[in-house]
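Scope of the values below: all heavy atoms of this structure, side chains included, with no hydrogens, waters or symmetry mates. Throughout, protein chains are lettered first and strands after them, A, B, ... in sequence-line order, and every chain is numbered starting at 1.
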Amino acid sequence: MEAIAVIDFETTGLSPSQGCRATEIAAVIWQDGRIVERYQSLMNPGVAIPPFITQLTGISNAMVRAAPAAEHVMREVAEFVATRPLLAHNASFDQKFWRAELARIALPNEQPFACSMLLARRLLPEAANHKLGFLTQWAGLPNTGKAHRAMADAEMAANLLGYLHQLLIERHGIQADHALLARLARVPNARLKDTLHSLRTPA
DNA sequence: TGCCAGGCCCTCTTTAGGGCCTT
């Protein structure tokens with residue numbers, strides 16, 4: 001399977017359309033079932049971080065004031081990710097910020113995304129919820145550090161990707177690449193069983 | 001003026017509403 005870049009943003013809020021900016025990003029390269037490379041950096045967003053966000057993430061205005069500018073960090077992480085396809089937990093959120101932050105510096109931002117949350121909802125319907133931290137504990141995956149910091153969350157999402165990838169192999173006989181993971185995440189639940197059966201890799 | 005995300009999914013649905021997830 002080709003390498004996948006798993007990313008996680010910490011931000012000043014929920015949406016770039018509301019003026020929110022990224023404050024931290026982590027990207028890990030997942031290949032052959034394990035993390036093989038890591039990138040992480042705080043960034044100076046140029047806007048204030050609301051107190052609620054500092055309480056949630058531990059990232060303060062003082063911390064990002066001392067960090068490189070968002071533009072610099074986004075250039076670095078784009079170079080790190082290169083042409084690899086991306087995955088995030090609730091990718092609609094990270095994709096918005098990925099596109100908005102790269103658009104600000106006129107870099108290509110249309111990389112394909114897959115979403116571990118949508119995949120988990122389909123493949124792990126028995127889980128009580130599909131929050132990243134809960135699924136990590138529920139599946140017995142490693143504790144990667146403080147939740148709501150970019151590297152810990154990116155590593156959790158990569159570990160969950162590995163768990164789901166292995167589950168597809170063992171339970172459904174499917175060797176999935178990024179494109180197939182992205183496709184499966186969008187199959188209506190009513191058609192999921194038939195789709196999984198049709199994708200079974202011949203023995 | 002008042003308000004302010006948005007994509008996905010389920011259902012008491014489709015001429016809609018509300019919960020889940022991310023910060």
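- Distances shown here put a side-chain N or O of A:His130 below 4.0 Å from the OP1 or OP2 atom of B:dC21.
- Protein atom CG of A:Leu192 is 15 Å distant from nucleotide atom C1' of B:dC10, rounded to whole Å.
- Separating the CE atom of A:Met117 from the P atom of B:dC20 is a distance of 12 Å, rounded to the nearest angstrom.
- Residue A:Asn129 places its side chain closer to B:dC21 than to any other of B:dG7, B:dA5, B:dC21.
- Within the 4.0 Å cut-off from OP1 or OP2 of B:dC20, not a single side-chain nitrogen or oxygen of A:Arg121 is found.
- Closest non-hydrogen pair, A:Leu135 versus A:Ala120, comes out as CD1-CB, 3.7 Å.
- Each of A:Lys131 and A:Gln18 was matched to the nucleotide of DNA chain B holding its nearest heavy atom; the match closer to the 5' end belongs to A:Gln18.
- Per the geometry, CD1 belonging to A:Ile25 stands 14 Å off C1' belonging to B:dT22, to the nearest Å.
- Residue A:His89 places no side-chain N or O under 4.0 Å from the OP1 or OP2 atom of B:dC21.
- Map A:Gly13 and A:Lys96 each onto its nearest nucleotide of DNA chain B; the residue landing nearer the 5' end is A:Lys96.
- A close approach under 4.0 Å does occur between a side-chain nitrogen or oxygen of A:Ser17 and OP1 or OP2 of B:dG6.
- Distance, A:Asn90 CG to B:dT22 C1': 4 Å, rounded to whole Å.
- The hydrophobic clustering, which links ILVMFWY residues whose side-chain heavy atoms are closer than 4.5 Å, places A:Leu184 and A:Val6 together.
- Between the side chains of A:Ser116 and A:His89, at least one donor N or O sits under 3.5 Å from an acceptor N or O.
- Distance from the side chain of A:Leu132 is smallest to B:dT22 among B:dG6, B:dC21, B:dT22.
- Residues A:Leu118 and A:Tyr163 fall into different hydrophobic clusters, defined by Ile, Leu, Val, Met, Phe, Trp and Tyr side chains chained together at heavy-atom separations under 4.5 Å.
- At least one side-chain nitrogen or oxygen of A:Asn189 sits closer than 4.0 Å to the OP1 or OP2 atom of B:dC10.
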